[in-house]
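Quick notes on the structure that follows.
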Amino acid sequence: MAAGARAPRPRRSTAPTLRFVNRLAGAYGPLIAGCDEVGRGALAGPVSVGIVVVDARRVVTRTVLRDSKLLTPERRVELVPMIRAWGVGSAVGHSGAEEIDEVGIMEALRRAGRRALAEIAAQGVVPDAVHLDGNYDWLSRGGQGSLFDEPDAGPLLPVQTTIKADLACQAVAAASILAKVARDGLMVGYGTEDPRFGWAVNKGYATAEHRAALLEHGPTVLHRRSWRLGTADADTEDEIEAAAQERAAAEQDLEGRKIGL
């Protein structure tokens with residue numbers, strides 16, 4: 001190294017840690033739930049919400065945990081047994097296409113998350129707080145559909161939102177893996193039953209092949225018919241893009257109304 005030259009700084013690890021878990025445990029109690037969703041942007045199949053509860057008093061860091069999108073499908077499946085054993089409670093809840101069409105995507109997310117929490121409660125575990133990926137608390141408030149439903153029977157939990165929490169928090173990363181593996185398994189099964197749309201590969205997302213199959217065969221019961229699918233009601237690329245922008249604007253409007261904890 002040349003005289004006077006500075007040695008390069010060591011790169012900071014970008015792996016998720018337990019920092020958020022410990023911080024939330026100090027504020028609310030030891031049982032902290034990581035929560036993440038998968039499938040929100042798909043054209044077909046459910047939206048799925050994974051939740052993993054850890055006990056901050058005895059949880060051990062797991063450096064193998066990463067956001068599910070950064071892992072191969074095979075590695076995600078391999079990690080599921082470890083995640084189930086690592087947490088004191090875990091579950092994945094789903095909300096299908098028909099329900100998404102009926103109540104909207106935000107309320108569907110809330111219902112899927114509440115189903116996961118109910119399954120964990122049946123295991124005898126109620127978290128003290130939830131760390132949720134993103135910047136909008138859909139777990140507590142949902143969408144417009146929640147304004148007209150009966151009051152939720154589940155407990156009211158403190159929810160902390162963090163953008164890209166799946167990259168920073170091990171509990172959220174673990175939840176993202178469980179949700180991804182569970183939903184992918186469903187879509188592979190659906191694709192085996194009906195191979196026309198390539199769901200075993202595209203998992204219901206809007207690939208060119210999926211859109212082409214929609215134009216040829218029309219939507220199925222697994223498609224979100226309230227969305228512009230590029231079929232008879234919106235068969236031009238301009239209409240499809242406009243619909244996507246409308247959905248994004250609606251979600252931004254909801255997120256803009258978030259009230260921080």
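D184 is not listed as a side-chain neighbour of V77, based on a closest heavy-atom distance of 4.5 Å or more. The side-chain heavy atoms of P16 and D166, taken from C-beta on, include no pair separated by under 4.5 Å. At a threshold of 4.5 Å between non-hydrogen side-chain atoms, the residues C35 and V172 do not count as touching. Looking at heavy atoms from C-beta onward, L70 lies in side-chain contact with L167 at the 4.5 angstrom threshold. L117 places a side-chain heavy atom less than 4.5 Å from the side chain of L157. Counting only heavy atoms from C-beta outward, the side chains of R58 and V88 never approach each other to under 4.5 Å. Between T207 and R211 there is no side-chain heavy-atom pair separated by less than 4.5 Å. A heavy-atom distance below 4.5 Å is found between the side chains of M106 and R40.
Criterion: ILVMFWY side-chain heavy atoms under 4.5 Å apart, direct or through other members. Under it, L71 and V80 are part of a common hydrophobic cluster. Note on L222: it clusters hydrophobically with W227, by side-chain heavy-atom contacts below 4.5 Å among ILVMFWY residues. Cluster annotation: L31 is connected to V130 through the hydrophobic network of ILVMFWY side chains, with a link wherever side-chain heavy atoms come within less than 4.5 Å. Each of V38 and V188 belongs to its own hydrophobic cluster when Ile, Leu, Val, Met, Phe, Trp and Tyr are linked at side-chain heavy-atom distances under 4.5 angstrom. Linking Ile, Leu, Val, Met, Phe, Trp and Tyr residues whenever their side-chain heavy atoms come within less than 4.5 Å places V53 and V159 in a single cluster.
We find the CD1-CG distance between I163 and N135 to be 4.5 Å, quoted to the nearest 0.5 Å. Rounding to the nearest 0.5 Å gives a distance of 15.5 Å between SG of C169 and NZ of K164. Considering CZ of R75 and CD1 of I177, their distance stands at 8.5 Å, rounded to 0.5 Å. To the nearest 0.5 Å, atoms CD1 (I51) and CD (E37) are separated by 12.0 Å. Put simply, CZ on R23 and OH on Y28 are 11.5 Å apart, with the number rounded to the nearest 0.5 Å. Distance check: R111 CZ to L139 CG gives 13.5 Å after rounding to the nearest 0.5 Å.
If you look at H223 and H217, their ring centroids are not closer than 6.0 Å. Side-chain rings of F197 and W199 approach one another, their centers coming within less than 6.0 Å.
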Decide yes or no on side chain to side chain contact (heavy atoms under 4.5 Å, CB included) for W138 and L132, but give the supporting numbers first. CA-CA 9 Å; W138 44 258; L132 177 63; 3.4 Å; yes
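T162 contributes no side-chain N or O that, together with a main-chain N or O of A165, makes up a donor-acceptor pair within less than 3.5 Å. Side-chain N or O atoms of R224 include one that pairs as donor or acceptor with a backbone N or O of A42 at under 3.5 Å. Judged by distance alone, the side chain of W86 and the main-chain N or O of V52 form no donor-acceptor pair under 3.5 Å. Side chain of R76 to main chain of V181: no donor-acceptor pair is present (N/O by atom type, distance under 3.5 Å, no hydrogens or angles). The closest donor-acceptor contact from the side chain of R62 to the backbone of Q170 lies at 3.5 Å or more, if one exists at all. For the pair S95 (side chain) and L109 (backbone), a donor-acceptor distance under 3.5 Å is absent. A donor-acceptor contact shorter than 3.5 Å links the side chain of R84 to the backbone of S90. Looking only at distances, no side-chain donor or acceptor of D36 sits under 3.5 Å from a matching main-chain atom of D133. Side-chain atoms of Q160 never come within 3.5 Å of backbone atoms of L24 as a donor-acceptor pair (strictly under, hydrogens ignored). In this structure, the side chain of R183 does not engage the main chain of V49 through any donor-acceptor pair within 3.5 Å.
Minimum heavy-atom separation, G204 to H210: O-CE1, 3.4 Å. Pairing each heavy atom of V60 with each of L18, the nearest pair is C-CD1, 4.2 Å. Nearest approach of D137 to S140, heavy atoms of both residues: OD2-OG, 2.8 Å. Contact between G29 and D128 at its shortest, heavy atoms only, is C-OD2, 3.3 Å. The two residues A116 and A91 make their nearest non-hydrogen contact at O-CB, 3.5 Å. Between P46 and Y190 the shortest heavy-atom distance is CD-CE1, 4.4 Å.
For the pair E99 and R110, the salt-bridge criterion is not met [side-chain N within less than 4.0 Å of a carboxylate O]. Checked for salt-bridge contact, E119 and R115 miss the test: no charged N lies under 4.0 Å from a carboxylate O.
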